[in-house]
There are 2 protein chains.
Amino acid sequence: MKLSAKGQYGVRAMVVLALNYRAGPMPIKEIAARENISSQYLEQIFLELRRADLISSVRGARGGYILARDPQEIKIGDIVRVLEGPIAPVDCVLEGSEEVCERTGDCLTRGVWEKLRDRITEVLDDISLEDMISTRKVSG
Amino acid sequence: MKLSAKGQYGVRAMVVLALNYRAGPMPIKEIAARENISSQYLEQIFLELRRADLISSVRGARGGYILARDPQEIKIGDIVRVLEGPIAPVDCVLEGSEEVCERTGDCLTRGVWEKLRDRITEVLDDISLEDMISTRKVSG
DNA sequence: TTTTATGTTTAGTAAATTAGTCGGGTTTTT
DNA sequence: AAAAACCCGACTAATTTACTAAACATAAAA
Ligand code: FES
Ligand code: FES
């Protein structure tokens, strides 16, 4: 039930991009240094995020990365899904796909995992980058 | 954000024990066969569950394992904590321990993970084995 | 009392995943 | 042209996961 380092790094880096949103592109090295992440590893993470259209890149000197849209339009769930795959506590209840498991129907555990998955996605899809940077306190 | 196979096996096996609760101890091989789990691996899982006092064992012929208390007294969260450790999406917000991370205070991501952890524990600590076996449908 | 059915425990291991590193690119600005 | 930046594929070390092996301990039944 843990996020991998990749997912955590991704979220932290995206928060930095959100803070820097109005100032234009930000070089990856600056982000990596600030967040203490290997810049080469962060490159891989940003590659995935760019392919998913969450960020865009500006090449050349004075280039860097910038959010692809406003911070309030990007939810934590969007980031997590790109870096960790579909959200589900167990494979039987993967988002999107119905009926993965042959035991569905008489399975007594499925209900719990579905409920858990739904609560998790509720939280992650409710909070945007804007929410994270604008309030210190996420009440709840 | 996935449960390991160990956690899933543990929950499934505990459900079987709950179904069998009034019939006395149940041999591990029977459970393993029924749930398609390696019986030697299940032994290790049951060892942890026994040490955590969720089940008790009866040795010798006609022995086996039985829930240590009534099915409604055992929550899914109890099982998951034993087999997967403290519930937390990231190490910074481990249950129980305050202040693990030096960045606490100015950390913008912490709030999200705390909220997520709380929702997860709410679900897992709300549902008991009795709930799982008595109703096919866990509404919610 | 012998046999058999069970649980107990430690150690080892193969496969998969994770978390990177390496080393070269290409593109754009200065 | 040079520097600053992104782009990308391949490789690797460390860790975790999911078991397997093997011997041992205990209790009930025959
Ligand atoms: S094990 Fe797949 S639905 Fe329950
Ligand atoms: S990284 Fe530890 S509290 Fe945020």
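The shown structure was predicted, so the numbers you read here are calculated from the model rather than taken from an experiment. Sequence lines set the chain letters: A, B, ... in the order given, protein chains first and strands last, and positions in each chain run from 1.
Under the 3.5 Å distance criterion, with hydrogens and angles disregarded, no donor-acceptor pair is assigned to the side chains of B:Thr121 and B:Asp118.
Atom pair A:Leu47:CG and C:dG20:P shows a separation of 17 Å (rounding to whole Å applied). C:dA19 atom P lies 11 Å from atom CG of A:Leu83, rounded to whole Å. At whole-Å resolution of the value, CG in A:Leu42 and P in C:dT18 are 18 Å apart. Atom CZ in A:Phe46 sits roughly 16 Å away from atom C1' in C:dG20 (whole-Å rounding). For the pair B:Ile45 CD1 and D:dT17 P, the computed distance is 12 Å after rounding to whole Å. Rounded to a whole Å, the CD1 atom of A:Ile28 is 8 Å from the P atom of D:dC7. Distance, B:Met26 CE to C:dA5 C1': 16 Å, rounded to whole Å. One can place CZ of B:Arg59 at 11 Å from P of D:dA28, the figure rounded to the nearest angstrom.
In this structure a side-chain-to-backbone donor-acceptor pair under 3.5 Å is present from B:Arg12 to B:Glu35. Although no hydrogens or angles enter the test, the distance criterion places a donor-acceptor pair under 3.5 Å between the side chain of B:Glu84 and the main chain of B:Ser4. In this structure, B:Asp78 contributes its side chain and B:Lys75 its backbone to a donor-acceptor pair below 3.5 Å. A:Glu130 places no side-chain N or O within donor-acceptor distance of the main-chain N or O of A:Pro71, the cut-off being under 3.5 Å.
Of the candidate nucleotides D:dA18, C:dC22, C:dT9, C:dC22 has the atom lying nearest to any side-chain atom of A:Gln40. Out of D:dC19, C:dT9, D:dC8, the shortest distance to the side chain of B:Ser38 is found at D:dC19. Taking every side-chain heavy atom of B:Ser4 into account, D:dA18 is the closest of D:dC19, C:dT21, D:dA18.
Each of B:Gly60 and B:Tyr41 was assigned the nucleotide of DNA chain D with the nearest heavy atom; the assignment lying further toward the 5' end belongs to B:Tyr41. With DNA chain C read from its 5' end, the first of the two nearest nucleotides for A:Glu84 and B:Pro27 is the one closest to B:Pro27.
For D:dC8, one of the phosphate oxygens OP1 or OP2 lies less than 4.0 angstrom from a side-chain nitrogen or oxygen of A:Arg51. Listed pair B:Arg50 / C:dT9 meets the phosphate criterion, a side-chain N or O lying under 4.0 Å from OP1 or OP2. Residue A:Tyr9 places at least one side-chain N or O closer than 4.0 Å to OP1 or OP2 of C:dG20. In this structure, B:Ser57 reaches the C:dT8 phosphate: one of its side-chain N or O atoms is under 4.0 Å from OP1 or OP2.
The environment of A:Arg69 atom CZ is dense: over 12 non-hydrogen atoms of other residues, nucleotides or ligands sit within 6.0 angstrom.
Within the 4.0 angstrom heavy-atom criterion, only backbone atoms of the sugar-phosphate kind lie near A:Tyr65; the bases stay farther away. Backbone-only engagement by B:Arg62 is indicated by non-hydrogen atom pairs under 4.0 Å involving sugar-phosphate atoms exclusively. Contact annotation for B:Lys29: no contact, since no heavy-atom pair falls under 4.0 Å across all strands.
Side chain B:Gln44 to base D:dT20: a donor-acceptor pair is found below 3.5 Å.
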